[in-house]
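Keep in mind that the numbers below use all heavy atoms, side chains included, and drop hydrogens, waters and symmetry copies. Since the model is a prediction, treat every value here as computed from it, not as a measurement.
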Amino acid sequence: MEVVSLNKCFGGTQGVYKHHSTVCQCDMTFGLFLPPGEKKKPFPVLWFLSGLTCTHENAMTKAGAQQKAAELGMAIVFPDTSPRGKDVPDDDDNYLGQGAGFYVDATQKPWNKNFKMWSYIAHELQEEVISNFPVDQNSQGITGHSMGGHGALTLALTMPETYRSVSAFSPIANPTNSDWGQKQFAAYFGTNSKLPEQHDATLLLDRNGYPGEILIDLGSDDQFMDLLRPDAFVSVMENTGQKGTFNMREGYDHGYFFVTTFINDHIEHHFRSLQK
């Protein structure tokens with residue numbers, strides 16, 4: 001593993017690291033914040049998945065998560081959103097490819113060689129982080145923004161034994177019933193696949209539920225509301241009695257000023273849940 005940078009931050013360390021991913025068949029970069037102080041046991045860890053067109057840097061530099069994490073003694077991992085490199089396919093015009101991994105394992109060419117972001121996040125990168133840094137594999141939470149909120153919810157709803165707490169900012173909540181979501185999934189999975197159902201948070205919640213409390217924040221002025229379809233997810237929460245909180249934040253949009261405003265609420269939510 002290559003150390004790209006190390007910066008002191010709120011008494012802790014914000015690092016950026018590069019390693020070769022066997023799953024994605026390319027080099028991958030991620031950020032990791034470690035809080036200050038020596039501990040007799042590893043730190044609880046929060047995974048922050050970023051959104052469409054982002055890299056590991058967006059949430060790491062814009063979300064403002066490090067101060068509260070340092071205060072509570074929590075590590076935060078900031079993965080990249082997709083494989084990258086000159087040999088990795090891309091389709092920027094259609095929001096596919098680099099920066100648009102959607103946290104799925106693609107099955108269709110040309111994406112299926114590199115785009116294995118589900119396996120990368122859930123298994124390979126997790127093993128890299130746990131084996132190389134002082135984080136607690138039994139105390140992991142996951143959150144994300146937009147496409148990353150989609151990834152956080154689907155991973156937690158599928159793997160609740162791994163992700164013991166979950167939250168999301170402006171998540172893509174019901175992509176199988178969105179024209180835009182159907183287009184992305186068709187590219188990655190093909191038109192006749194059942195795999196999209198395994199990556200739709202609303203369908204997963206209805207099918208599996210979640211043993212903990214779910215926290216979601218959304219801005220009332222979010223410019224992508226019709227693509228996110230939060231109403232479908234909230235309806236399932238209400239119909240199934242799912243424990244959790246859905247906050248509609250008046251006047252906020254889809255951007256990082258919104259995320260920064262409420263990030264401390266989410267970190268505290270994860271800290272409380274992981275202490276249980």
Is the [X]-[Y] ring centre distance short of 6.0 angstrom?
| X | Y | value |
| --- | --- | --- |
| Y17 | F133 | yes |
| H199 | F189 | yes |
| Y188 | W111 | yes |
| Y252 | F262 | yes |
| F258 | H145 | no |
| F224 | H254 | yes |

Check: [Y] main-chain N/O paired with [X] side-chain donor or acceptor under 3.5 Å:
| X | Y | answer |
| --- | --- | --- |
| S82 | G101 | no |
| E238 | S235 | no |
| S119 | K116 | no |
| Q242 | V236 | no |
| S146 | G148 | no |
| Q98 | V88 | yes |
| T13 | N7 | no |
| S220 | G251 | yes |
| N132 | E128 | yes |
| H269 | V166 | yes |

Legend entry - Other residues, nucleotides, ligands: >12 heavy atoms within 6.0 Å of E161 CD: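 Yes, the 6.0 Å shell around CD holds more than 12 heavy atoms from other groups.
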In this structure, would [X] and [Y] fall into the same cluster of hydrophobic residues linked by side-chain contacts under 4.5 Å?
| X | Y | result |
| --- | --- | --- |
| M74 | F169 | yes |
| L215 | Y256 | no |
| L157 | Y163 | yes |
| L155 | F233 | yes |
| M60 | V259 | yes |

Inset, instruction - Under the salt bridge (charged side-chain N to carboxylate O under 4.0 Å, His left out) rule, collect the residues that match up with E268, sequence neighbours excluded. - result: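 E268 satisfies salt bridge (charged side-chain N to carboxylate O under 4.0 Å, His left out) with K68 once adjacent residues are dropped.
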Inset, instruction - Can you sort out the partners of D265 under salt bridge (charged side-chain N to carboxylate O under 4.0 Å, His left out), two or more places apart, ordered by chain and number? - result: R249
State, to 0.1 Å, how close [X] and [Y] come at their nearest heavy-atom pair, and which atoms those are.
| X | Y | result |
| --- | --- | --- |
| P83 | N114 | CG-O, 3.5 Å |
| T81 | S50 | CG2-O, 3.6 Å |
| L218 | S170 | CD1-CA, 3.7 Å |
| Q223 | D253 | OE1-CB, 3.4 Å |
| I142 | L46 | N-CD1, 3.7 Å |
| S21 | C24 | OG-N, 2.8 Å |

Let me confirm one number: the [atom1]-[atom2] distance from [X] to [Y], rounded to the nearest 0.5 Å.
| X | Y | atom1 | atom2 | value |
| --- | --- | --- | --- | --- |
| I172 | Y103 | CD1 | OH | 10.0 Å |
| L32 | L125 | CG | CG | 9.5 Å |
| W118 | F102 | CH2 | CZ | 15.0 Å |
| D179 | Q184 | CG | CD | 11.5 Å |
| L203 | N174 | CG | CG | 6.0 Å |
| C26 | F115 | SG | CZ | 8.5 Å |

Inset, instruction - Under the side-chain contact (heavy atoms from CB on, under 4.5 Å) rule, what do V135 and I130 come out as? Steps first, then yes or no, please. - result: CA-CA 6 Å; V135 301; I130 289 169; 4.1 Å; yes
Legend entry - Worked check of side-chain contact (heavy atoms from CB on, under 4.5 Å) between T29 and V16: CA-CA 7 Å; T29 304; V16 176; 3.6 Å; yes
Inset, instruction - Return yes if a side-chain donor-acceptor contact under 3.5 Å exists between S273 and S165, otherwise no. - result: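 Result is no, nothing qualifies.
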Legend entry - D80/R84 ion pair, N-O < 4.0 Å: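 Salt bridge: yes.
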Legend entry - Residue of the set P211, S139, P44 for which side chain to side chain contact (heavy atoms under 4.5 Å, CB included) holds with R164: S139
Inset, instruction - With side-chain contact (heavy atoms from CB on, under 4.5 Å) as the test, would you mind laying out the steps for M117 and M28 before giving the verdict? - result: CA-CA 11 Å; M117 288 301 294; M28 297 290 289; 4.0 Å; yes
